[in-house]
Novice: 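One structure follows; several queries about it will come next.
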Amino acid sequence: MIAWRGPSITKTGSPKKLYLLIITTIILFLATQTINPILPLYITERGVSAFELGIIISLLSFVAIIAKIPLGIMAERVGRWPIIPIVAIGQTISLALYSIAADPSWFYPIRIFHAIFVAAYAPTALAITQDLSPQDKKGTMMGIFLTSIGVTSTFGPFLCTFFVSFLAYEQVFQIVSIIPLLSLIPFLMIIRDKDSFNVNHRRTDLNLRESLKVITSSRGIQVLSYLRLVFSFANAFFITFFAIHVEENLILSSSFIALLFGIKGIANMISRIPSGKLADKIGHKYPIIIAFIILAVAFLVFSETSNIYLLTFALIIYGAAHGMRAVAEWSLLGDYAPPDARNVATAYLSTIFNVGSAFGAVVAGIFAIFLGIPAAFKLAAAIILSGPIIIKLYTWRVGGLRLHRNASDTK
């Protein structure tokens, strides 16, 4: 039996707890976003091939595929808030371990260890956000929460730019490993409020198998699953090889590459709150379609241009579309997922993202070896474009699938 645990859900939500959660999320994700621009460069510097790089990068996603749903169930049983200090300490240890890797083979267990803690946080934080959000403002509040991740994708690369200007890669990892521990400060402010741990012990008749059956039988979640699968698959191409592509072909420094990631992050961050408000007003379908088309265009530009200004423009629209897509998808899940299985639903959809990321990184490595990185980016564009097509086909097939708020779509 799945016990639901968490702060009481009210019509008005809980802004104080939500904002403390946002601060916590910013701190936890800042560490990961700071090392992301240099991680492929650091690993390849240690003598790893393009194919091995794809495998190592994909391990985070492969582990998350296995771990997220069990971790989501654990959060339902023991409570969602206590997950935060576990994640903070685990991230600190894993980031420090990257800096002492003496051999390329070390990156495999370190990446697995890191993945467990990354997998534990995101579904739980998203479920808490859905619980704390007023019913009529889920898109807006989800946009605000996801903006916190956008903030880290902006300031993390800028922080990386600063660090790599005068520190070796190993030293950057050591300094960044301290950052997750700072998330314990807002967490301690949360637990001072005793209401944060007043829980509703509401039992449900759904076990894990039944919960997944209810979740996956939803037409809306079926569409969302495909959209997240194709985006995460294509996005893995970007994460794995964009930095290497521009370093080799455009002869850019690692600090400038990190700056480009920061510019993308600004666009991602700025787009999220307006995207949430837009989804609340007009529904989720057209923001998702627009986002996927823009993402495909960006990948085509990545594959063709050697002009730094055009490349920067492509990164800006990529970041903005990424933010629009994420807000629309997660706020839509809040409408489709049953409240008593919301943590499992969030973990499930998050796992779908990891499935795409894992296999995408592997396929990207294979394509890079045999056809080159530009060809891999073209493949990513084609994959992304299948998203809007599936939305249209699925809508016609089921006789008018509603991708807007409060859609009742369960089969």
Side-chain angles (χ1 to χ4, degrees), residues 36-37 39-40 50-51 53-62 64-65 122 146 149-150 153 222-246 260-261 264-265 267-268 271 275 287-305 311 313-330 349-394:
N36 271 350
L39 182 60
F51 178 73
L53 174 63
I55 296 295
I56 292 170
I57 295 296
S58 72
L59 280 175
L60 189 144
S61 298
F62 275 119
I65 292 168
L146 291 175
I149 300 176
S153 65
Q222 289 170 6
V223 175
L224 283 174
S225 297
Y226 182 80
L227 294 174
R228 289 183 65 76
L229 183 69
V230 297
F231 170 74
S232 58
F233 190 94
N235 187 56
F237 286 50
F238 175 86
I239 292 172
T240 306
F241 287 113
F242 179 81
I244 294 172
H245 175 61
V246 296
L260 290 175
F261 273 79
K264 178 181 76 73
N268 190 320
S271 72
S275 296
I288 291 175
I289 290 174
I290 292 169
F292 271 66
I293 292 172
I294 293 172
L295 289 165
V297 171
F299 271 114
L300 288 175
V301 175
F302 295 154
S303 70
E304 292 292 336
T305 189
L311 182 71
F313 173 74
L315 281 170
I316 291 171
I317 63 172
Y318 187 94
H322 189 336
M324 179 184 292
R325 175 208 59 82
V327 171
E329 287 177 3
W330 282 118
L349 205 61
S350 187
T351 299
I352 292 294
F353 192 96
N354 294 121
V355 170
S357 297
F359 289 100
V362 174
V363 172
I366 295 171
F367 258 73
I369 291 172
F370 293 103
L371 298 176
I373 295 175
F377 285 157
K378 287 185 176 67
L379 174 64
I383 292 169
I384 284 286
L385 280 176
S386 71
I389 294 171
I390 289 298
I391 290 177
K392 284 293 185 182
L393 291 177
Y394 209 127

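Counting begins at 1 with the first residue of the sequence. What you see below is based on every heavy atom in this structure, not just the backbone, and it leaves out hydrogens, waters and symmetry mates.
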Novice: Show, in sequence, the C-alpha distance, side-chain angles and deciding distance for I384 and F231, and conclude whether the side-chain contact (heavy atoms from CB on, under 4.5 Å) test is met.
Specialist: CA-CA 6 Å; I384 284 286; F231 170 74; 3.9 Å; yes
Novice: Taking all non-hydrogen atoms of both residues into account, name the closest pair between A314 and I317 and its distance.
Specialist: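 Here A314 and I317 meet closest at O-CG1, 3.3 Å.
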Novice: Between A236 and G360, which heavy-atom pair has the shortest distance, and what is it?
Specialist: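 What the structure gives for the nearest pair is CB-C, 3.6 Å.
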Novice: Between S232 and L229, is there a donor-acceptor pair closer than 3.5 Å when you use the side chain of the first and the backbone of the second?
Specialist: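 Flag set: sc S232 to bb L229 pair under 3.5 Å.
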Novice: Closest heavy-atom contact between G323 and S271?
Specialist: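 Nearest pair, atom of G323 first, then S271: CA-OG, 3.5 Å.
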Novice: Would you compute the distance between atom OG1 of T240 and atom CG of L39 and round it to the nearest 0.5 angstrom?
Specialist: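 Here the interatomic distance stands at 9.5 Å.
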Novice: Tell me whether the rings of F359 and F62 are parallel (<30°), tilted (30 to 60°) or perpendicular (>60°).
Specialist: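 If you compare the ring of F359 with that of F62, the planes turn out perpendicular.
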Novice: Just wondering, do S386 and Y226 contact through their side chains at under 4.5 Å, heavy atoms?
Specialist: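 Yes - at least one pair of side-chain heavy atoms lies under 4.5 Å apart.
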Novice: With rounding to the nearest 0.5 Å, note down the distance linking CG in L371 to CG in L379.
Specialist: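 Rounded to the nearest 0.5 Å, the CG-CG separation comes to 9.0 Å.
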Novice: Quick one, F292 and L385 - any side-chain contact, counting heavy atoms below 4.5 Å?
Specialist: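 The answer is no, as the side chains (C-beta and beyond) never meet within the 4.5 Å cut-off.
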Novice: Going by the angle between their ring planes, with limits at 30° and 60°, are Y318 and F238 parallel, tilted or perpendicular?
Specialist: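 The rings of Y318 and F238 lie parallel, inter-plane angle below 30°.
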Novice: Output the distance between atom NZ (K378) and atom CG (L300), rounded to the nearest 0.5 Å.
Specialist: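 That separation rounds to 7.5 Å.
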Novice: Within the side chain of H322, is there an N or O that forms a donor-acceptor pair under 3.5 Å with the backbone of K264?
Specialist: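 Between the backbone of K264 and the side chain of H322 there is no qualifying donor-acceptor contact (under 3.5 Å).
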Novice: Hey, what do you get for CG (L311) to NE2 (H245), rounding to the nearest 0.5 Å?
Specialist: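 Interatomic distance, L311 CG to H245 NE2, rounded to 0.5 Å: 7.0 Å.
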Novice: Out of curiosity, I316 CD1 to L260 CG, how far, rounded to the nearest 0.5 Å?
Specialist: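 I316 CD1 to L260 CG: 9.5 Å, rounded to 0.5 Å.
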Novice: Could you give the distance from CD1 (I383) to CG (L295), rounded to the nearest 0.5 Å?
Specialist: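 So the CD1 of I383 and the CG of L295 are separated by 12.5 Å.
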Novice: Work out which heavy atom in F377 is nearest to a heavy atom in S303; give both atom names and the distance.
Specialist: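 That would be CB-CB, 3.7 Å.
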Novice: Decide side-chain contact (heavy atoms from CB on, under 4.5 Å) for I244 and F241; before the verdict, give the C-alpha distance in whole Å, the side-chain angles of both, and the deciding distance to 0.1 Å.
Specialist: CA-CA 5 Å; I244 294 172; F241 287 113; 4.2 Å; yes
Novice: Considering all heavy atoms of both residues, which atom of G54 and which atom of A361 are nearest to each other, and what is their separation?
Specialist: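 Between these two residues, the closest heavy atoms are O-CB, 3.5 Å.
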Novice: Is the number of heavy atoms from other residues, nucleotides or ligands under 6.0 Å of F313 CZ greater than 12?
Specialist: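 At most 12 heavy atoms, drawn from other residues, nucleotides or ligands, come within 6.0 Å of this atom.
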Novice: Can you name the one residue among V355, V230, I352 that meets side chain to side chain contact (heavy atoms under 4.5 Å, CB included) with S225?
Specialist: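 Exactly one option meets the side chain to side chain contact (heavy atoms under 4.5 Å, CB included) with S225, and it is I352.
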Novice: For F237 and A376, which heavy atoms make the closest approach, and how far apart are they?
Specialist: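 Distance-wise, the nearest heavy atoms are CD2-O, 3.0 Å.
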